[in-house]
Amino acid sequence: MVHTGIGGRQVNSFLTALNIPPVSNTLLSARQKESGSAIETVAETTIAECLSQEIDITKQKFDSNELTVSVDGAWQKRGSGRSYDSLSGHCSMIGTETGKVLGFSVRSKYCKMCDEATRKGVQAKTHDCRMNWDGSAKAMEQDMVVEMVQSIKSKGSNVGTIIADDDTTTIARLRKSVDPNIKKMSDKNHVKKNIANALYQLKAKHKKLTPKVIKYLINCLNYMLCQNQDNPKGVENGLEAVGRHPFGDHSFCDKSWCSHKENASKKYSSLPFGKPLKDIPLQTDLTDLMKVYKKQSQKLSKLGSTQGNESFNKSVASKAPKSHFYSGTSSLNVRVAASVAQKNDGQCYLIKVNNNIGLSPGVHTKRLAILRDLQARKRRAISITRKEKIRRIQLRNRRVKRNAVKEMCEGTSYSCQIDLQDHQDIVEIPSAPVPPEVHCNIPNTAKVICFDLETTSLARDSHITQIAAVNGESHWTSYVIPKLPISSQASEVTGLTMRNGRMFHQGKVVESSTISTALDGFLEFLKAAGHNIYLTGHNIKTFDCHILINTLKSVGKTEELKKCVEGFVDTRLLFKINNPDLKSFSQVNLIKSLMNCSYDAHDALEDVIYLQKLLDFTNIRIADPKFSTATFTVQTAYFSHDQIILTKLNLPSLREFIDQKVISIGIAHKIASSNLNKSSLLLAFSRGQEEGIRQLFSEECCNQGPRVTKSSKIITAVSNFIKQHLTES
């Protein structure tokens with residue numbers, strides 16, 4: 001119960017959910033006293049062992065008996081600012097050499113049994129009372145640190161330096177109560193956080209101090225502090241350089257890290273447009289801020305880390321969750337002790353606890369404990385590698401960028417007292433369409449059916465005039481009466497004409513039907529072929545499929561094709577892979593080059609018959625993985641068709657951008673196909689100015705690259721045009 005971080009109520013809820021009788025609170029309390037005593041004993045034993053190791057390593061490395069330790073405390077209640085009023089808190093002391101807990105302490109302002117006795121006006125029964133504090137919650141950490149340092153001193157060793165954050169008066173109290181010569185090192189993470197907060201406060205005054213620029217400045221500060229440890233003069237120069245470098249002044253920069261020192265015209269990789277900032281008020285404020293920190297150069301040149309303590313606090317929070325109250329009994333102390341034992345000995349501390357109580361270590365307990373410790377060591381070893389650190393940074397950057405884009409597209413969704421405002425910006429910018437799986441994995445049992453269409457023109461919204469399909473010896477064809485006139489170019493190629501509502505092929509009347517009837521016949525032919533059908537045709541990816549899907553939608557038979565077809569194969573792409581040396585990949589040329597014959601081309605039935613003969617003659621295995629790029633799924637075909645419609649719908653609104661040569665027709669097509677139009681761009685600009693356009697255009701879409709473009713030139717041009725457009729409006 002203690003190890004897994006649950007209480008008696010959770011134990012009984014678990015048992016009764018499995019229809020197992022619950023355990024009484026009295027029994028749980030008695031067993032917790034037994035196991036708790038053993039856990040605390042094991043924790044103290046591990047502390048003694050780790051302290052001995054820390055002393056030995058310190059003597060070997062520094063020939064000194066003075067230890068360097070990191071300290072940090074935490075409360076058992078969530079709070080911030082004025083609301084630090086927790087009834088309990090804990091603090092840990094961790095050695096910098098071993099990374100193990102050398103001491104811990106718990107403070108509690110409340111005891112359940114004492115409080116109950118006081119309320120009843122009686123003498124409290126004899127019990128294990130852990131109430132040991134009557135001061136404020138804010139003063140707990142300092143008192144615990146003083147106690148732990150004194151404890152180390154009583155064991156024959158000294159704490160020479162402590163690493164802690166700058167949020168408490170711990171060091172002053174230590175110097176007063178324990179040792180006036182004890183040294184203090186600030187926690188580097190808290191220092192960086194404080195500097196970042198100061199930069200974000202400046203952001204309210206300076207629009208050019210965007211989150212991207214702040215991130216760049218923080219990175220510069222991080223690198224500078226890491227490079228200048230034990231070098232106060234270097235920190236002073238570094239702070240001066242950080243205040244000047246982003247503005248093109250490299251007088252305080254060093255050649256070892258600043259390439260602009262030798263090449264002032266070189267682009268900045270992390271600043272907008274690759275150019276130095278030009279904002280004198282911002283530069284003045286930033287320089288003033290750096291001057292404040294220059295006074296602390298001695299402190300900034302000697303930074304430590306309390307990351308081990310933060311990790312320990314997280315472990316305590318898992319065993320004593322802040323959403324539950326364990327401070328009224330010894331339970332909190334036991335749970336903190338369990339965290340100490342686990343930090344020092346890993347999950348195998350459970351075996352020692354069982355031995356201490358007089359229980360068998362347990363086969364399953366031992367097996368899982370050893371496995372968890374091995375996994376933890378492996379994760380730790382991987383986490384400190386350069387590759388893993390870079391991966392974490394990339395993941396965090398990607399997550400932050402994605403979240404910023406989503407917030408900008410969604411408008412205001414959560415803000416303090418937003419519901420009290422009259423105007424709420426809740427218009428959403430549409431998300432980019434998500435492309436489906438592109439290629440098919442065609443099985444060897446696939447049935448290949450060749451099909452072809454003849455149309456009224458070469459436009460993708462033209463109507464079908466003939467449709468044909470062939471499956472082995474079976475073939476089917478139908479002429480179709482179009483609702484659009486057949487263009488002269490199409491008639492010349494196909495020989496199809498319309499006169500007085502009747503269709504003629506090469507001047508002869510042919511039997512024809514409506515498009516709905518023809519599609520019914522086509523779908524019946526496909527269904528009769530069975531399952532695993534892959535429609536195959538020449539140049540179908542860019543033409544025939546769009547015509548077919550458009551026609552199916554017009555007669556309300558969209559889902560029918562999805563039910564009987566698994567995917568498509570474009571033979572033009574197929575022969576480009578199989579015969580890359582050919583000069584032309586038209587079907588007529590392929591048959592002439594490979595089969596040395598000719599046929600009546602641009603008759604749909606003849607086309608599919610000879611296409612099937614060509615596939616048989618070349619003995620191409622369509623299921624071969626090397627031809628996968630010549631295949632595409634039904635979902636891809638429909639997605640591609642929808643993209644064309646979307647582009648056609650959005651493109652007219654971008655006409656003025658094209659006419660004014662702000663963007664090319666190609667970029668306009670990318671904007672339109674990504675589900676954006678003029679109103680979307682205006683909305684993004686109103687919410688984030690140029691940065692809003694940048695976020696929108698450069699949004700990563702399903703590993704397909706940016707939504708539109710990352711080009712700063714295009715983004716700036718669009719932003720400037722919108723700014724002018726809005727001013728004129």
More than 12 non-hydrogen atoms from neighbouring residues, nucleotides or ligands closer than 6.0 Å to [atom1] on [X], yes or no?
{"X": "K203", "atom1": "NZ", "value": "no"}
{"X": "K266", "atom1": "NZ", "value": "no"}
{"X": "N403", "atom1": "CG", "value": "yes"}
{"X": "Q307", "atom1": "CD", "value": "no"}
{"X": "K401", "atom1": "NZ", "value": "yes"}

For a 4.5 angstrom cut-off between non-hydrogen side-chain atoms, does [X] reach [Y]?
{"X": "L199", "Y": "L289", "answer": "yes"}
{"X": "E700", "Y": "K710", "answer": "yes"}
{"X": "V405", "Y": "R402", "answer": "no"}
{"X": "I162", "Y": "L174", "answer": "yes"}

Donor-acceptor pair between [X] and [Y] side chains, under 3.5 angstrom:
{"X": "Y349", "Y": "H3", "result": "yes"}
{"X": "S108", "Y": "S88", "result": "no"}
{"X": "K233", "Y": "N228", "result": "no"}

Less than 4.0 angstrom from a charged side-chain N to a carboxylate O is my criterion; do [X] and [Y] meet it?
{"X": "K406", "Y": "E699", "value": "yes"}
{"X": "D166", "Y": "K184", "value": "yes"}
{"X": "K302", "Y": "D230", "value": "yes"}
{"X": "K153", "Y": "E147", "value": "no"}
{"X": "K183", "Y": "E66", "value": "no"}

What's the spacing between T385 OG1 and R391 CZ if we round to 0.5 Å? 9.5 Å

Indicate yes or no for a side-chain donor-acceptor contact from [X] to the backbone of [Y] under 3.5 Å, with no hydrogens or angles considered.
{"X": "R175", "Y": "I182", "result": "yes"}
{"X": "D624", "Y": "F627", "result": "no"}
{"X": "S29", "Y": "N25", "result": "no"}
{"X": "S52", "Y": "A48", "result": "no"}
{"X": "R392", "Y": "S383", "result": "yes"}
{"X": "R335", "Y": "K319", "result": "yes"}
{"X": "E34", "Y": "A30", "result": "no"}
{"X": "D187", "Y": "H190", "result": "yes"}

List the atom pairs, donor and acceptor, that lie under 3.5 Å between side-chain atoms in residues 90-100 and the rest of the protein, sequence neighbours left out.
{"from": "H90", "atom 1": "ND1", "to": "Q76", "atom 2": "NE2", "distance (Å)": "3.0"}
{"from": "H90", "atom 1": "NE2", "to": "N313", "atom 2": "OD1", "distance (Å)": "3.0"}
{"from": "S92", "atom 1": "OG", "to": "N309", "atom 2": "ND2", "distance (Å)": "3.1"}
{"from": "T96", "atom 1": "OG1", "to": "T68", "atom 2": "O", "distance (Å)": "3.1"}
{"from": "E97", "atom 1": "OE1", "to": "K61", "atom 2": "NZ", "distance (Å)": "3.0"}
{"from": "T98", "atom 1": "OG1", "to": "E54", "atom 2": "OE1", "distance (Å)": "2.7"}
{"from": "T98", "atom 1": "OG1", "to": "K100", "atom 2": "N", "distance (Å)": "3.3"}
{"from": "K100", "atom 1": "NZ", "to": "N344", "atom 2": "O", "distance (Å)": "3.2"}

Within the 6.0 Å centroid threshold, strictly below: Y110 and F325: yes

Indicate the atoms forming the closest heavy-atom contact of T170 with Q142, along with that distance. OG1-CG, 3.6 Å

Side-chain donor-acceptor pairs of residues 11-23 under 3.5 Å, sequence neighbours excluded:
{"from": "N12", "atom 1": "OD1", "to": "V23", "atom 2": "N", "distance (Å)": "2.7"}
{"from": "N12", "atom 1": "ND2", "to": "V23", "atom 2": "O", "distance (Å)": "3.0"}
{"from": "S13", "atom 1": "OG", "to": "R9", "atom 2": "O", "distance (Å)": "2.8"}
{"from": "T16", "atom 1": "OG1", "to": "N12", "atom 2": "O", "distance (Å)": "2.7"}
{"from": "T16", "atom 1": "OG1", "to": "S13", "atom 2": "O", "distance (Å)": "3.2"}

